[in-house]
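Have a look at the structure below before the remarks.
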Amino acid sequence: MALKLVSRSAWGARPYRTPNGATPYGRARRGVKLHYLGTAYSDRPHAQCAAYIRQLQAQHMDGNGWSDIGYSFLVCTHGYVYEGRGLRRRNSANGNTALNEQDYAVCLLVGSSGLTKPTDAQLDGARDAIDYCRREGPAGTWLGGHRDGYATACPGDAVYAWVKKGAPRPATSTPPTAPAQEDSMAITDADARKVAKMVLTMDGVIANPNPATAKTNTHIALMTAVRNIETVTRRSEQQIAAQSAAITKLASLVGSGVDTDTVVTAVRDAIRDAVIKVDVDITQNQES
Ligand SMILES: [Zn+2]
Ligand SMILES: [Zn+2]
């Protein structure tokens with residue numbers, strides 16, 4: 001899973017106070033230490049997560065008197081990783097200066113009551129944060145919790161058990177059940193004969209130069225069926241082309257700051273242009 005990093009500006013962080021908030025790490029970090037909130041927490045829509053992070057920052061700066069939010073990173077239940085003090089500035093969450101210097105501090109938004117178990121998306125996000133710290137920090141491979149070397153219940157039993165197992169990626173949800181019905185629908189000879197008979201019956205009206213074989217000339221009927229199948233196939237292919245054109249158009253607009261109406265109009269035009277092309281092509285095919 002790709003790291004979903006939310007920068008300080010993206011979550012609306014206040015500027016940190018100097019000089020303490022700007023203290024750089026003096027050496028490479030041993031590893032990553034995990035935390036939890038240690039208060040009641042209830043899950044919430046992701047749209048409210050940034051506000052919660054801002055509230056934590058206010059608590060740390062105005063309540064604790066720290067120069068910034070204490071953690072290096074925070075991970076919401078939806079797997080997003082919020083930049084706290086980040087990779088370069090020393091955190092203030094591990095208990096004392098030596099411990100802060102030693103390891104990064106990553107906090108999972110789970111509580112000591114309410115929501116106490118991390119979600120799978122959150123474990124994925126926490127793993128992303130750990131990998132990010134190791135790759136970009138630098139941080140070594142040590143993993144643990146706030147309670148390692150400090151008297152606290154943090155990061156709670158669930159997160160602690162997970163990190164002490166090496167912070168594994170959560171088992172992916174059971175793979176979608178195999179399309180058993182589809183596989184078991186192999187066409188039997190009897191089915192094939194039934195289909196052939198239906199085609200023949202439907203196409204029985206086709207004029208046949210020899211009236212004696214009009215009802216039994218499967219050759220004419222099957223040629224008609226093949227043409228119908230070809231038409232349907234071409235239509236599907238053209239629909240896919242229309243969708244691809246629309247998606248390409250949309251992708252070219254995303255991120256360029258255009259307003260929604262412009263995007264919708266452009267996509268609608270792209271679909272209409274492709275659909276007109278489909279109609280023309282099919283008409284030509286039938287007439288040839
Ligand atoms: Zn902690
Ligand atoms: Zn969230």
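Counting starts at 1 for both ligands and their atoms, following the listed order.
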With a 6.0 Å cut-off on ring centres, are Tyr82 and Tyr71 close enough?
-> no

To 10°, measure the SG(Cys76)-the Zn ion (ligand 2)-ND1(His46) angle for me.
-> 110°

Shortest non-hydrogen contact from Arg90 toward Arg85 | O-CD, 3.2 Å

Here the pair of heavy atoms bringing Asn91 nearest to Gly70 is CB-O, 3.2 Å

Under 2.8 Å from the Zn ion (ligand 1) - protein N/O/S, by chain and number = His35 ND1, His146 ND1, Cys154 SG

So, are Asp157 and Lys164 salt-bridged, with charged N and O less than 4.0 Å apart?
-> no

Considering just N/O/S atoms, say which atom of His78 is closest to the Zn ion (ligand 2).
-> ND1

Give a yes or no on whether the backbone of Arg27 and the side-chain of Glu101 come within a donor-acceptor separation of less than 3.5 Å.
-> yes

If you look at every heavy atom in His78 and Lys4, which pair is closest and at what distance?
-> O-NZ, 3.2 Å

Does the ring centre of Tyr41 sit less than 6.0 Å away from the ring centre of Tyr36?
-> no

